[in-house]
2 protein chains.
Amino acid sequence: MISKKMKYAIKALVYIAQHSKENSSVKTNDIASKAIIPKKFLEQILLELKKNRIVNSRQGSMGGYYLMKKPNEITLAAIYRLCEGPIALVSCASLNYYEPCSDCVDEATCKIKFALIDIRQKTIANFESITIATLI
Amino acid sequence: MISKKMKYAIKALVYIAQHSKENSSVKTNDIASKAIIPKKFLEQILLELKKNRIVNSRQGSMGGYYLMKKPNEITLAAIYRLCEGPIALVSCASLNYYEPCSDCVDEATCKIKFALIDIRQKTIANFESITIATLI
DNA sequence: TTTAAATCCTACTTATTCTGTAGAATAAGT
DNA sequence: ACTTATTCTACAGAATAAGTAGGATTTAAA
């Protein structure tokens with residue numbers, strides 16, 4: 001199960017994609033009330049999405065958030081990595097966040113590792129097939 | 001990422017599958033020391049695997065654990081559900097543990113739900129393709 | 001029948017993560 | 001200046017993770 005953070009992130013991105021017209025931005029307040037997300041929690045999430053260049057923002061009274069990428073370029077995989085961490089089920093099966101298992105007996109012959117690398121590949125493919133565009 | 005509990009469960013099941021001969025059982029102590037798993041934690045995990053009829057046990061000095069199913073009948077999906085809960089990423093996309101989202105705006109038209117039901121199906125297929133037999 | 005060795009059971013602990021809140025600083029438009 | 005937004009940092013309460021502790025129970029063998 002994903003965290004509420006990730007669910008809110010998805011809902012917020014979908015909302016922004018649906019409600020931003022040409023050169024416009026969407027306010028945190030609107031997203032929070034319409035998509036039913038605790039506002040102060042949402043602020044933090046949007047800030048993190050901004051740090052990762054998925055959205056950008058304008059401050060001030062005409063401010064708000066807007067997407068920095070096309071909806072079909074924002075994949076579930078990217079959101080997952082941001083909110084939940086590595087997609088791999090164990091660190092030794094991760095490409096970007098590889099770490100040996102502290103309780104590993106023999107990594108070279110560990111069949112669990114190879115099986116979970118296979119799962120990771122399939123999961124990434126699944127997660128990349130879904131984007132904000134498919135959720136609008 | 002899976003919990004240590006689940007990783008230990010997998011390792012223990014693999015160890016039992018590898019080391020139980022005809023009518024024999026495997027001791028917690030052996031599993032713990034050879035597979036590098038904290039013993040008291042492992043006890044709890046094996047107890048839970050027993051409650052779920054994946055393993056069975058004998059008490060006493062010749063006691064220990066043995067598989068209740070064939071290795072190829074113990075799927076990653078079953079172990080996951082036992083250790084981590086539902087496979088679905090959100091409760092509203094779960095079949096066995098369905099619950100509506102508390103923050104849902106309109107479930108009937110929620111595209112996130114449908115996308116995550118799709119992900120669930122694919123994940124289940126992936127998790128069922130791996131069994132203890134493939135990890136021996 | 002006693003004893004040793006194993007599982008079984010319940011409770012507790014410690015650290016971390018999750019899910020938010022609070023409040024002030026900063027920026028921009030009117 | 002004033003209003004309205006984002007930005008930043010800190011904090012708090014609850015839940016979960018990852019074990020530990022200690023004894024009760026069961027069984028086989030001496």
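The structure displayed is predicted, hence computed values, not measured ones. Chain A is the first sequence line, chain B the second, and so forth, proteins listed ahead of strands; every chain is numbered from 1.
- As judged by a 4.0 angstrom heavy-atom cut-off over every strand, A:Lys40 is placed among the base-contacting residues.
- Residue order along DNA chain D, read from the 5' end via each residue's closest nucleotide, puts B:Cys83 first among B:Gly63 and B:Cys83.
- Between A:Phe127 and A:Tyr80, the ring planes are tilted. Angles from 30° to 60° get that label.
- Note: CD1 (B:Ile45) to P (C:dC8) measures 14 Å, nearest angstrom.
- A donor and an acceptor atom, one from each side chain of B:Ser129 and B:Asn126, are nowhere located under 3.5 Å apart.
- Rounded to a whole Å, the CZ atom of B:Phe41 is 18 Å from the P atom of C:dT13.
- Taking only side-chain nitrogens and oxygens, A:Ser57 never comes nearer than 4.0 Å to OP1 or OP2 of D:dA5.
- Here C:dA22 presents its P atom at 13 Å from CD of A:Gln44, a figure rounded to the nearest Å.
- Note: CZ (A:Arg58) to C1' (D:dT7) measures 16 Å, nearest angstrom.
- Comparing atom distances between the A:Tyr65 side chain and each of C:dC8, C:dA5, D:dT6 picks out D:dT6 as nearest.
- Here C:dT7 is the nucleotide among C:dT19, C:dT7, D:dT6 with the atom lying nearest to any side-chain atom of B:Thr28.
- B:Glu99 and B:Ser94 form no side-chain donor-acceptor contact under 3.5 Å, judged by distance and modelled atom types alone.
- With no hydrogens or angles considered, a side-chain donor-acceptor pair links A:Glu84 and A:Ser3 at under 3.5 Å.
- The distance between atom CD of A:Glu43 and atom C1' of C:dT19, rounded to the nearest whole Å, is 15 Å.
- Distance from the side chain of B:Ser61 is smallest to D:dA28 among C:dC8, C:dT30, D:dA28.
- Look at A:Tyr8 and you won't find any side-chain N or O under 4.0 angstrom from OP1 or OP2 of C:dT19.
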